[in-house]
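Because the structure is predicted, anything quoted here is derived from the model rather than measured. Labels below follow one simple rule: chain letters A, B, ... track the order of the sequence lines, proteins then strands, and each chain is numbered from 1.
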Amino acid sequence: MGVSLRDLILDYRKAVPMESLGGVAAVDAHNALYQFLSIIRQPDGTPLMDRTGRITSHLSGILFRNVNFLEKGIRPVYVFDGKPPDLKKATIEQRRNVRAEADERWREALSRGDTEEAYKHARSSSRIDATVIATSKELLSLMGIPWIDAPSEGEAQASYMVQKGDAGYVVSQDYDALLFGAPTLVRNLTVSGKRKIRGRTITISPEKIQLVEVLRGLSISREELIDIGILVGTDFNRGIRGIGAKTGIRMVRAGEFDAVLREKDPDLDPGPIREFFQNPPVSDEYQLEWRSPDTAGIERMLCDDYDFSRERVRKALEGSAPKTGQRTLDTWF
DNA sequence: CATCACAA
DNA sequence: TTGTGATGG
């Protein structure tokens, strides 16, 4: 779920218009896919599926979101996770358990007709398996959108690409990219303008977070931000019970990091975690090339194979209303 | 999530 | 026009 630094970052999130986000976006693929799979569901939690029962929620998300990206001048590159570090083992195991539990509760809620409860648990049961990853890559390729396999964590690779200047910002809902040193992180880019929460419609706009502003504003270094992360918990260690972002920064500022760890989690060696955030495995072996979409191929995949409506897919690929002078997807390349 | 049809 | 609810696969 990423590091819980929300309370510290709150003041440094700047709402920005989509138009200011043109350029290359390094998208945390795992994060985006999880969002699609967890949210694109029917009210009882059933995901979109083709006639044979294969899940297609992620394909729907990828198609429509990327069409919108490209129309707004955003050129995405999807960064997939490679081999997870050993440090992540406990988190992976825990997530597996949470998913299994959610799956069970989903079934229970369904059987007693509690739709709302069913939807909630269905979301948490979302699993990104090899098929989801393979089909996502296949569709991205057909759309002419580059994707790369990170050597290790996708967020680390995406952050590195922004540091190098090959991308303008990382797209993720998680704050981990800041610990990995991403100069710029954009959240809510994968969320539409409006969203209903408990009956009320609120407007969600993309928010940009600049690492330098966070560090300057909080008067801390990136190393200290990482230490705060370790106290509140990351994918690589469970946090200290009772320590949130606010307490964490106070302790780090007071130089109490080592003492607190010694007392509350003596078995934890923070060294490898610090090292992983500061120098994660990354690769320069990638090339970013955006091609015009293979519309026939996309139709073949989505309509012939996964039962998407031909009309909807065609319309999406054409761009929306055929206004005069409006460029269609093809003319971006 | 994104789109669409239809209501207000 | 803008908002809401249903549907997509």
Nucleotide nearest A/Ser309 (side chain, heavy atoms from C-beta), chosen from B/dT3, C/dG8, C/dG9:
C/dG9

Length of the CD1-P vector between A/Ile55 and C/dG9, whole Å:
16 Å

Send over the distance from A/Arg314 CZ to B/dC4 C1', rounded to a whole Å.
19 Å

In whole angstroms, how far is the P atom of C/dA6 from the CG atom of A/Leu48?
17 Å

In terms of hydrophobic clusters joined by side-chain contacts under 4.5 Å, are A/Phe69 and A/Val16 together?
yes

Does the ring of A/Phe80 carry A/Lys137 above it, NZ/CZ under 6.0 angstrom from centre and within 45° of its axis?
yes

Rounded to the nearest Å, what distance is computed from the CZ atom of residue A/Arg312 to the C1' atom of nucleotide B/dA2?
7 Å

Could you state the CZ-P distance from A/Arg41 to B/dA2, rounded to the nearest angstrom?
16 Å

A/Glu224 side chain vs A/Ser221 backbone, donor-acceptor pair below 3.5 Å
yes

How long is the line joining CD1 of A/Ile298 and P of C/dG9, in whole Å?
15 Å

Which nucleotide wins on minimum distance to the side chain of A/Ile40, given the candidates C/dG8, B/dA2, C/dG9?
C/dG8

For the pair made of CZ in A/Phe36 and P in C/dG9, what is the distance, rounded to whole Å?
16 Å

Tell me: OH of A/Tyr306 to P of C/dG8, nearest whole Å?
20 Å

Could you check whether any side-chain N or O of A/Asp44 sits under 3.5 Å from a backbone N or O of A/Thr115, counting only pairs where one atom can act as donor and the other as acceptor?
no

